[in-house]
Each structure stands twice: as structure tokens, then as C-alpha cells.
Asker: 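Sharing a structure below in C-alpha cells format, with a few things to ask.
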There are 2 protein chains.
Amino acid sequence: MLELAILGFLYDAPLHGYVLRRHIAALTGHVRPVAESTLYPAIKRLEKAGLLVRATEPGAVAAPRHVLRLTEEGGRELRRRLAEPAQREITDENHWFTLLAFLRHLADPAAQAAVLRRRLAFLEEPASFFYEGDRPLSAEELEDPFRRGILTIARATSRAELAWLRDTLASLGRAGR
Amino acid sequence: MLELAILGFLYDAPLHGYVLRRHIAALTGHVRPVAESTLYPAIKRLEKAGLLVRATEPGAVAAPRHVLRLTEEGGRELRRRLAEPAQREITDENHWFTLLAFLRHLADPAAQAAVLRRRLAFLEEPASFFYEGDRPLSAEELEDPFRRGILTIARATSRAELAWLRDTLASLGRAGR
DNA sequence: GCACCATACATCGGTGCCGAGGTATAGCGT
DNA sequence: ACGCTATACCTCGGCACCGATGTATGGTGC
């Protein structure tokens, strides 16, 4: 998830670590802050894998900056990760939102639509949080107000996302033709 | 999050690992599956910490079961984690839902309300995913349909959750008096 | 003059988590 | 007889992540 965000932000423009960190904090930090001690090793991993290169520049304000630039291999890897996400990237909302934030980098509308359809299929699976045996329980059947809240909120999210997915798939379909 | 789920499920009734795993899978597994190699070490951690005890029983179907039972210390620890969650448990939806699923184990309505108010405060903070400088961008301002989707979905979720939170806080207030 | 904060990068130890693989028993189909 | 699936538990290696801490510089407030 973090690596995807790094690749995604660098795809648009080279950045140094500190600014990259603020971008990531704006995107996911509200929900899940990213520690510096996670970001810098992640950058090093990507560098080691040949997905980005670092160039030292004198710091505009303070210490010298390491400006990060995506390599061609890095761009390919980003597109690969966007086009063929692991199932976790589809099901976990945190991961999914990160993926969505960069899905425009996938040039082909058909490829974008294919990813959206995987999410659609996931959301259309019947699933609950609470079961009585194998039978899923609805919000109305629960006495616990907190568990009822979970189902109520999840249902509202799901409804909004399904509507958006169908709209967007329709307009991608038009664009693809 | 996993440890909270284990403590939460065992608070109601003793279970053995295999059944516990199915409970957890129903609760969070749709979004984020739990590997056995994560669950069993987690159980051992909790046992080592004195939060639960294991009793071997002959297996009903196959191998012998280790029935897990919460100790008093375990019950206290669960209530402590529910009453004083880390900020991550409040902000990350996955964690938050897990917490909500067991919040009823907190006997005092005032303590339950205090936790809900922390979530309410978090949701009421102005926050976006995308900024132009320091100014948050609204869905309407975004050209990217995918980023617009993120904001649309997040807004729907937030609205549903705020409504539920206010309702529930109101009825907890009545109950508390 | 000094504290404090923002910028900018880095290391280290600890820990939670995961995939791959292993061990066993029992039942079902072929 | 053989494979398959479900039950039931476990270990190991690897890795992502985090908090704490360190090292600089330069600007702001008092």
C-alpha cells in the first residue's frame, strides 16, 4: 500500500522524501499515519529494486534533499500493480482507496474498468459481519446497537460505492468505444 | 485488532482455536483474512500474558482441541482496551469496526458514549484526501473520476456514521440517566 | 542569546503478520 | 486402496511497520 502510494506520487513528478511524506499523509494519514521510519526504508527498497533513483540536491531550506525519480521500470511496475492488484487491494478499503487514487495512471479505460469490475464483484458477494449458523443477520435483527451500527454504516458505504461503480463503469464503457 | 477480537469473542464463551478462527473470519475476514499462522501465535501471546488459559479436550471430530477461556485479568484487559483505545483504533475503519463489535462488553453506558464521542470528534475534523496547497478539494473540483469516487464514497460513509453516532449517543444519554 | 519548531534524512530493536509447510484424525466418494 | 476434504494445531523464515532516537540546518518567537 505504501509502496503503491510512493510509485503513484512519483509517477507525476519527481519529489524528495519529505514532500512525498506530506502527500502520503494527506492521502492516507488521516486514517493511518505513516511513520518516517517506515517511509525511508520503503524508498530504499524501491531504489534497490531499480524502480526509482535518487539524486542529491542542496536543500532549499535545510539539509540536502534526495530527489526521487521513477525509472521506466518503476513506471511499468506501477502500472502492473494497478492492473493486477492482489485480492487484499480489492477488499480492504484502505488499500482500495490508495489504488483508486492512482488508477488514472493506467492509460487504458478497459484496464481501469476491469479493476473496477473486480471491486464490483467483491461488493456484490453476499456477506455480513454476523451470522447465526450460516445465515447472515441483518441490522434489524441485532439487539446490540453497536453491531447494528456496523451493518448500517457498511450498508450505506456499499450502496454509495455500488452506485458510483456502476456510473463510472458506464462512462468508461462509452469512452472505451 | 486481532487480539481485541480474540478477547472479545472469548468474553462471551470459551472457544477453541478453530471455531474462534471462523468467528473472526466472519467478522473481519471478508475484508482482511486472518492467517492461521497469525492466530495461533496471537493466542500464545495472550496466554503468556495471563489473559487466557488453555484446556485440552478430546477433539469432537478429529485432533484434540485447546479450549480457550478468558481469565479475570483477560476480562479486565478487554474492558481496558475498549475503554481506552489507541488513536489508530478510532481512526482506522477496520480497527474501529472490530472495537464496535465488542463495545457492548463495556458495562457502563457513559464509558461507551465516551468512546463514541472520540470517533465523533475524529469524523467532525475537517479532512480531505486531496489538497491544493492547504485547501481541501471537494469531489466536484476533481477531474479524476476515481479520486472523485473516493470522496463520494467517504462522504456517504461519513454521513451515515455521523447520523448513527448522534442517534446512539442520544439513546445512551437517556439510558445513562 | 536561547529555546523551539520545521525541514530533511537516517538507524535500530522489537513485534505483528504472512506464506509455506508440517502433523494428525476422520469421513466420503470412487 | 487412494485421494480429497474438513477438523485441529503448530513452526519457521522473512518482512513490513513502528516508536525511539540521532544528526544536521535555518528561521521564528521572546
Asker: Reckon Arg45(B) has a side-chain N or O less than 4.0 Å from the OP1 or OP2 of dC17(C)?
Answerer: yes
Asker: Rounded to whole angstrom units, what separation is found between the CG atom of Leu68(B) and the C1' atom of dC9(D)?
Answerer: 11 Å
Asker: Quick one: on DNA chain D, does Gly17(B) or Glu3(A) contact a more 5' nucleotide (nearest heavy atom)?
Answerer: Gly17(B)
Asker: Does the distance from a Lys or Arg side-chain N to an Asp or Glu carboxylate O, for Glu3(B) and Arg81(B), drop under 4.0 Å?
Answerer: yes
Asker: Rounded to whole angstrom units, what separation is found between the CE atom of Met1(B) and the C1' atom of dC17(D)?
Answerer: 15 Å
Asker: What integer distance in Å separates Glu89(B):CD from dC18(D):P?
Answerer: 13 Å
Asker: Please state whether the base of dG16(C) and the side chain of Thr38(B) form at least one donor-acceptor pair under 3.5 Å?
Answerer: no
Asker: Looking at Lys44(A) and Glu47(A), is there a salt bridge between them, counting it only when a charged N and a carboxylate O are closer than 4.0 Å?
Answerer: no
Asker: Tell me whether the OP1 or OP2 atom of dT7(C) has a side-chain N or O from Arg21(A) closer than 4.0 Å.
Answerer: no
Asker: Tell me if the aromatic rings of His30(B) and Phe129(A) count as close, with their centers under 6.0 Å from one another.
Answerer: no
Asker: Quick check for you: among dA10(C), dG19(C), dC18(D), whose closest atom lies nearest to any side-chain atom of Ser37(B)?
Answerer: dG19(C)
Asker: Would you say dT7(C) has OP1 or OP2 under 4.0 Å from some side-chain N or O of Tyr18(A)?
Answerer: yes
Asker: If I take atom NZ in residue Lys48(A) and atom C1' in nucleotide dA10(C), what distance separates them, rounded to the nearest angstrom?
Answerer: 16 Å
Asker: Does some side-chain heavy atom of Leu15(A) sit less than 4.5 Å from a side-chain heavy atom of Arg22(A)?
Answerer: no
Asker: Take atom CG of Leu39(A) and atom P of dC18(D), then tell me their distance rounded to the nearest Å.
Answerer: 10 Å
Asker: Should Glu140(B) and Arg155(B) count as an ion pair when the cut-off is N to O under 4.0 Å?
Answerer: yes
Asker: Select base, sugar-phosphate, or nothing to describe what Arg22(B) touches, counting heavy atoms under 4.0 Å on all strands.
Answerer: nothing
Asker: Kindly say if Lys44(A) contacts the phosphate of dT11(C), meaning a side-chain N or O under 4.0 Å from OP1 or OP2.
Answerer: yes
Asker: Is the phosphate of dT7(C) approached by His16(A) (side-chain N or O, under 4.0 Å from OP1 or OP2)?
Answerer: no
Asker: Rounded to whole Å, how long is the line connecting atom CD of Glu36(B) with atom P of dT11(D)?
Answerer: 13 Å
Asker: Just to confirm, is there a sub-4.0 Å distance from OP1 or OP2 of dC10(D) to any side-chain nitrogen or oxygen of Arg54(B)?
Answerer: yes
Asker: Roughly how many Å is it from CD1 in Ile24(A) to P in dA16(D), rounded to a whole number?
Answerer: 15 Å
Asker: Where the side chain of Arg65(B) is concerned, which of dC12(C), dA8(D), dC17(C) is the nearest nucleotide?
Answerer: dA8(D)
Asker: Between C1' on dC17(C) and OH on Tyr40(B), what's the gap in Å once rounded to a whole number?
Answerer: 16 Å
